[in-house]
K.L.:
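Sending over a structure as structure tokens; questions will come in a sec.
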Amino acid sequence: MKKNTTKSITKFYVSIDGKETAFRTKATAIKIGKMAMKVNKDVKLIEEYLLWDIVPGVPAKLIDKQRFDRTILINL
């Protein structure tokens, strides 16, 4: 019997003038976002949440994908 599991992945992006760059950690994204805010006012921090259904032997299936605006974290 194959057991279903879920895996969540969170990614952070810094968007400068509409161009997004991904970062592995929230701390790094915030640091880069704050530095970018000093020279450009069109900077956003975006958190992307992905939830996958994983069954051994079957390709993973995306269950949920959400994006959140976390720009407030670089404005503090």
K.L.:
Taking only residues two or more places apart in sequence, or in another chain, which ones meet T6 in a side-chain hydrogen bond (donor to acceptor under 3.5 Å, both in side chains)?
P.N.:
none
K.L.:
Check whether any side-chain heavy atom of I16 lies under 4.5 Å from a side-chain heavy atom of V14, and answer yes or no.
P.N.:
yes
K.L.:
Checking K7 now: which residues fulfil side-chain contact (heavy atoms from CB on, under 4.5 Å) with it, not counting sequence neighbours?
P.N.:
I9, I54
K.L.:
Sequence neighbours left out, what pairs pass salt bridge (Lys or Arg N to Asp or Glu O under 4.0 Å) with at least one residue falling in residues 22-35?
P.N.:
none
K.L.:
I'd like to check the side-chain hydrogen bond (donor to acceptor under 3.5 Å, both in side chains) partners of D17; sequence neighbours left out, ordered by chain and number.
P.N.:
N40
K.L.:
Looking at residues at least two apart in the chain, or sitting in another chain, which of them share a side-chain hydrogen bond (donor to acceptor under 3.5 Å, both in side chains) with E47?
P.N.:
R70
K.L.:
Can you get from F12 to W52 by hopping between Ile, Leu, Val, Met, Phe, Trp and Tyr side chains that sit under 4.5 Å apart?
P.N.:
no
K.L.:
Yes or no on salt bridge (charged side-chain N to carboxylate O under 4.0 Å, His left out) for E20 and R67, after CA distance, side-chain angles and deciding distance?
P.N.:
CA-CA 13 Å; E20 294 182 354; R67 291 173 62 97; 2.6 Å; yes
K.L.:
Please enumerate all residues that pass side-chain hydrogen bond (donor to acceptor under 3.5 Å, both in side chains) together with T25, with sequence neighbours excluded.
P.N.:
T28
K.L.:
Do you reckon I32 sits in the same ILVMFWY cluster as V39, going by side-chain contacts under 4.5 Å, direct or chained?
P.N.:
no
K.L.:
Over all heavy atoms of both residues, which pair between V43 and G33 is shortest? Give the atoms and the distance, please.
P.N.:
CG1-O, 3.9 Å
K.L.:
Closer than 3.5 angstrom, by distance alone: can the side chain of T71 be matched with the main-chain N or O of L45 as a donor-acceptor pair?
P.N.:
yes
K.L.:
Determine, using the 4.5 Å side-chain heavy-atom cutoff (strictly less than), whether I72 and Y13 are members of one ILVMFWY cluster.
P.N.:
no
K.L.:
Output side-chain donor-acceptor pairs under 3.5 Å for residues 55-66, partner residues at least two apart or in another chain, one line each.
P.N.:
unit_1	atom_1	unit_2	atom_2	d
D64	OD2	Q66	NE2	2.8

